[in-house]
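To start, the structure under review is shown below, and the notes come after it.
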Amino acid sequence: MFNFLQPKKSAVRVPADKVMDVYKKYRLLTLIGIIIGYASFYVVRNNFALSTPFLKADLNLSATSIGLLSSYMLISYGLSKGYMSSLADKADPKKFMALGLILCALVNVLMGFSINFTTFTILVVILGTFQGMGVGPCFISMAKWYPKKERGIVGAFWNISHNIGGGIVAPVVTAGFFIVGEDNWQAASYIVPACVALIGVVVVLYCVKGSPVNEGLPDLQHIMPEDDNIEYSIPKVQSFRSFSAPLSRNLVHSSRKFSAVLPEAMQS
C-alpha cells in the first residue's frame with residue numbers, strides 16, 4: 001500500500017469532557033461525506049449511458065458495440081469491488097475514496113477526447129476498476145464510527161446515495177449541454193460530470209474521518225460500549241418451537257378435515 005494512503009494518528013488527544021461531542025460531530029460528518037462521495041461515483045459512471053446516442057451518431061458505433069462497452073465496464077466494476085475493498089481495509093478510507101474519485105474523473109476527461117471503439121474499451125475497463133474504490137471505504141467508515149446496533153439505520157441512510165447519484169446524472173449532463181453547447185457533447189457528457197466529481201472529492205477529504213483513534217478519540221468500544229452477551233427471556237430455539245408446534249398441529253388437523261370433505265364435495 002502506498003505510504004500516502006496509510007492512516008495517520010492525530011498527535012492531539014481530545015479532552016475527556018469533549019469526547020462525546022467530537023465523536024458525534026465526526027461520525028455525522030463521515031456519514032455525510034460517504035453519502036455525497038458515493039453519489040459522486042455515480043455521476044462519473046452512469047453518465048456513460050446518456051452519451052450512447054451520440055456515440056452511435058458521431059462515432060458510428062453500433063448497438064452491439066455500445067452493449068459491449070457497457071458490459072466491459074460493469075464486469076470490471078464488479079470484480080474491482082472485491083479486491084479494491086480489500087485494499088481499502090488497509091488504507092485511510094478518506095484518502096482511498098478520494099483517490100478513486102479523482103481517477104474516475106480523470107478517465108472521464110480522457111473519454112471526452114476519445115474517438116474510436118478501442119480507446120473507449122480500454123477507458124471503460126479502467127473506469128470500472130477505479131469505480132470499485134468507492135464502496136469499500138463507505139462500509140469501513142460506517143463500521144469504524146457506528147456501533148452494531150446503529151449500523152442498520154445508518155446503512156439505510158447511506159443507501160440514499162445510490163438514488164441521489166443516479167438522480168443527478170441527467171441534470172448534470174443537461175447543465176453541461178447548456179454550458180458548452182450541443183455540439184460539444186463529449187465535454188457535456190464526460191468533462192462536466194468529472195468537474196462535479198471533483199467537488200465530491202473536496203467533500204470527502206473534508207468530511208470523512210479515518211477512525212476515532214486516528215482522530216484523537218478513544219476507540220469505538222470505549223465510546224459506545226456494546227453488550228455482546230445479550231440474554232433472552234425465552235431461548236431462540238424454544239421460542240421457535242413454541243410457535244411452530246401449534247402451527248404444525250393446526251395444519252395437520254386442517255389437512256385431515258379437507259381430505260375427509262373432498263370426496264363428498266366431488267360426489268355432489
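Keep in mind it's a predicted model, so treat the numbers as computed, not measured. Sequential numbering from 1 along the given sequence is applied to the chain's residues.
Residue-environment remark: NE2 (H222) stays at or below the threshold of 12 foreign heavy atoms within 6.0 Å. Counting non-hydrogen atoms of other residues, nucleotides and ligands closer than 6.0 Å to CG of D183 gives a total of 12 or fewer. In this structure, Y83 places its OH atom where more than 12 heavy-atom neighbours from other residues, nucleotides or ligands lie under 6.0 Å away.
Taking all atoms of both residues into account, the shortest heavy-atom contact from I34 to M97 is O-CE, 3.8 Å. Listed here is the closest heavy atom pair of L205 and A98: CD2-CB, 3.6 Å. Here the shortest heavy-atom pairing between N108 and A194 reads CB-CB, 4.1 Å. Shortest non-hydrogen contact noted between I164 and A39 is CG2-CB, 4.0 Å. When all heavy atoms of V135 and S85 are compared, the pair lying nearest together is CG1-OG, 3.8 Å. Looking at every heavy atom in both residues, S51 comes nearest to Y190 through OG-OH, 2.5 Å.
The backbone N or O of S76 lies less than 3.5 Å from no partner atom in the side chain of T129, so there is not a single donor-acceptor pair. Judged by distance alone, with hydrogens and angles left aside, the side-chain atoms of N184 form a donor-acceptor pair with the main-chain N or O of V180 at under 3.5 Å. The backbone N or O of S189 sits less than 3.5 Å from a side-chain atom of N47, completing a donor-acceptor pair. Checked by atom type and distance alone, the side chain of W158 never pairs as donor or acceptor with a backbone atom of M142 at under 3.5 Å. Formation of a donor-acceptor pair under 3.5 Å by the Q131 side chain with backbone atoms of C104 is not found in this model. In this structure a side-chain-to-backbone donor-acceptor pair under 3.5 Å is missing from T52 to F48. At distances below 3.5 Å, not a single donor-acceptor pair connects side-chain atoms of Y72 with backbone N or O atoms of I122. A donor-acceptor pair under 3.5 Å is formed between the side chain of Y146 and the backbone N or O of R27. Under the 3.5 Å distance criterion, the side-chain polar atoms of S114 are matched with a main-chain donor or acceptor of L110.
There is a side-chain donor-acceptor pair under 3.5 Å between S62 and S65.
Within the 4.5 Å cutoff, the side chain of Y23 has heavy atoms near those of the L220 side chain. Looking only at side-chain heavy atoms (C-beta outward), I223 and M20 come within less than 4.5 Å of each other. Counting heavy atoms from C-beta outward, S211 and E215 have side chains that stay 4.5 Å or more apart. Using a 4.5 Å heavy-atom cutoff, the side chains of V107 and M111 are in contact. Annotation: side chain of V19 is in contact with side chain of P218 (closest heavy-atom distance under 4.5 Å). A heavy-atom distance below 4.5 Å is found between the side chains of F96 and M133. F120 is listed as a side-chain neighbour of L59, based on a closest heavy-atom distance under 4.5 Å. Using a 4.5 Å cut-off on side-chain heavy atoms (C-beta onward), I191 and F113 make contact.
Side-chain heavy atoms closer than 4.5 Å link hydrophobic residues (I, L, V, M, F, W, Y) into clusters, and following such links, possibly through other members, connects L198 to V44. At a threshold of 4.5 Å between side-chain heavy atoms, the hydrophobic network of Ile, Leu, Val, Met, Phe, Trp and Tyr places I36 and V196 in two separate groups.
Using the six-membered ring where Trp is involved, W185 and F54 have ring planes that are parallel, under 30° apart on the 30 and 60° scheme.
Under the salt bridge (Lys or Arg N to Asp or Glu O under 4.0 Å) criterion, R45 pairs with no residue at all, not counting sequence neighbours.
One finds the CZ atom of F157 at 11.5 Å from the CD1 atom of I32 (value rounded to the nearest 0.5 Å).
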